[in-house]
Visitor: 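I'd like to ask you about the structure that follows.
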Amino acid sequence: MKKLAGLILVLMLFASTLPAQKPEVTVPLRFDQYYTLDQVYQALRALNKAYPQLTTLETVGPSEEGRPLMVMTVNNPKTGAALDKPGIYVDGNMHGNEIQGGDISLYLLDYLLGGYGKNPEVTQLVDRVCFYVVPVVNVDGRYHFFADANSPDSNRTLRIPVDDDKDGLIDEDPPDDLDGDGNTCTMRKKDPFGPFKADPEDPRLMVLVKPGEKGEWTTLGDEGLDNDGDGQVNEDGPGYVDGNRNWGFDWAPPYVQSGSGEYPFSGVGLKALAEWTMTKTNIAFVWSYHNNGGMILRGPSRKGLGEYPPQDVAVYDYLGKQGERIIPGYRYMISWKDLYTTYGDSGEWATQTLGAYFYCAEVFQGESEAFKGVSERPEPGSPREETVRDIFSPGVTDRERIKFSDNVVQGELYKPWKAFKHPAYGDIEIGGWVKMSSRLGAPFMIKDLVHRNAMAVLFTAKNLPEVSLEVTEVKPLGGDLFRVRTRLANPKAVPTMSYLAQKVNLYPKDTLKAAGTKVVAGGVVVDPYLNQVVFKKYRPDLQFLVVPGFGKVEHEFLVEGKGELTITYESRHGGRLTKTIKLE
Ligand SMILES: [Ca+2]
Ligand SMILES: [Ca+2]
Ligand SMILES: [Ca+2]
Ligand SMILES: [Ca+2]
Ligand SMILES: [Zn+2]
């Protein structure tokens, strides 16, 4: 008994020294902080447990470090099998430090599932469309971003060891958290010949000296030591295979583009995910979430691939412009032209291999952390506004950001410079922007970001093909002969097959099949008023077609014999429909 009391006392003492226990993740999910990888897993399990009838939680492949890559499918089996409905795929956090995609994915899931049966729009959408959601593609990256000391820009890639400096040692000299605060900030040293001086407006910031001006500071890169004593500091950190340069379409080797890996899909998690997506033949649209800059990007990712067919561009333009309205400040752009060229990215894989439409969203605008009153803001669209726009942080300067940090989040985003004795550099200072800054909005702004981005996904999901099959005419032509006309209509923006997929014959087109009685002729009605039909020479009972966005396609069958005629429409992205009529 005494022993037990002693044990309890020890446990109590131990407990009192632990940091406050984090509350378990519960449904509905909260969006007032970023989820760690472990919390993402907990959130997915909690959603699956709360909505078992609508969700399937699967593990795809293990990552480089053996972590599960989790995929949640939202489908209502009562309204049909997942593969018989148009599908939309959403992923996030392919780059380890670009974590918001994980939170957007969780918000999307929570919103769809929580709204099902309550909000008629959501209910209708969940009944009609299948959602595949992969909150975290780079699971090792998300884990390490939270667990390790980092800068806002570090820890981007997959955990595939690469000897960056070709010295025979692998990942031997990463950045080091010298002051143990969980960040790898910036190092600087007093230097009258340095290129920087203190910013006269805010001495915590530095500005470049003008020609002839005396310098004050030299920057020495990310916080760290020369761990291997080779005379270079932080020259070989963990990995460097970029998860968004290692996909299996239009891949290029590292001498063309750094980070592409030794061969396409050398990332084991990426490969497993790609294989999984290839079994989901109904994926008609893909959204992939990165940060930052406030962009909705479409391909092509490289000029040499050529512009997409104009009908596809029309779909992108329509949905992209709407995205700009749903997420104010975001710009709809073309990735190679308005951002930069990439080889082997997931977007071109989705477009050219899955035959889906694809947007990459670069979420978070630095502008949301500007420190400006309304009278200090240039008129939107004015020449003055255009000149302050930097592609990744439009309309915000470091002077504003540091004031935002000081006054809106009480200094949490910026570490004041502190003296440090460095074994190689001597007396230096360490300070600057912390890990959870710059690319990541302050936590109080998370909900706005995740909600608006999830609503942009919902708008595209609502615009997935919604095909109806109508028999518009059954006309006896005398004897046993009948003329049957059908109309397949789609009131939504996305066609049942992208024009790019049609152009390269990526997979068979949709089919319309008439069965039951003898089909003597069949073809597409090119002009219903002038009765112009282009008949198909062979197998008239089986028509190949695509139902366009905001459009229709009509067919005519001449059939012989009384009885039942069954017309079946089948499409990868447009679902499956059947109509049976009686000929008498
Ligand atoms: Ca090395
Ligand atoms: Ca540090
Ligand atoms: Ca070194
Ligand atoms: Ca180092
Ligand atoms: Zn990215």
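Note that ligands are numbered from 1 as they come in the structure, with each ligand's atoms numbered from 1 the same way.
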Visitor: Centroid-to-centroid, W287 to Y289, below 6.0 Å?
Guide: yes
Visitor: Can you tell me the N, O or S atom of D167 that's nearest the Ca ion (ligand 1)?
Guide: OD1
Visitor: Between Y359 (side chain only) and G320 (backbone N and O only), is there a donor and an acceptor less than 3.5 Å apart?
Guide: yes
Visitor: Judged by modelled atom types alone, do Q100 and N291 share a side-chain donor-acceptor pair under 3.5 Å?
Guide: yes
Visitor: Within less than 3.0 Å of the Ca ion (ligand 3), any N, O or S from D173?
Guide: yes
Visitor: Does atom NZ of K447 have more than 12 heavy-atom neighbours, drawn from other residues, nucleotides or ligands, at distances under 6.0 Å?
Guide: no
Visitor: Is G224 close enough to the Ca ion (ligand 4) that one of its N, O or S atoms comes in under 3.0 Å?
Guide: no
Visitor: Taking the six-membered ring for Trp and the full ring for Phe, Tyr or His, determine whether the centres of W433 and Y414 are under 6.0 Å apart.
Guide: yes
Visitor: Only N/O/S atoms count here: what is the atom of D228 closest to the Ca ion (ligand 3) called?
Guide: OD1
Visitor: Can E58 and W276 be counted as having a side-chain donor-acceptor contact under 3.5 angstrom?
Guide: yes
Visitor: In terms of ring plane angle, is the pair F265 and W349 parallel, tilted or perpendicular, where the classes change at 30° and 60°?
Guide: perpendicular
Visitor: Given atoms OD1 of D165 and OD1 of D163, what angle do they subtend at the Ca ion (ligand 1), to the nearest 10 degrees?
Guide: 80°
Visitor: Is D171 close enough to the Ca ion (ligand 1) to have an N, O or S atom under 3.0 Å?
Guide: no
Visitor: Tell me which N, O or S atom from D230 is the closest to the Ca ion (ligand 3).
Guide: OD1
Visitor: N/O/S of N234 less than 3.0 Å from the Ca ion (ligand 3)?
Guide: no
Visitor: Backbone or side chain, does D236 get an N/O/S atom under 3.0 Å to the Ca ion (ligand 3)?
Guide: no
Visitor: Which single N/O/S atom of D226 lies at minimum distance from the Ca ion (ligand 3)?
Guide: OD1
Visitor: Measuring centre to centre across the rings, with the benzene-like ring taken for any Trp, is Y107 within less than 6.0 Å of F31?
Guide: yes
Visitor: Rounded to 10°, how big is the angle at the Ca ion (ligand 4) from P174 O to D176 OD1?
Guide: 80°
Visitor: Would you check if the Ca ion (ligand 1) lies under 3.0 Å from any N, O or S atom of L169?
Guide: yes
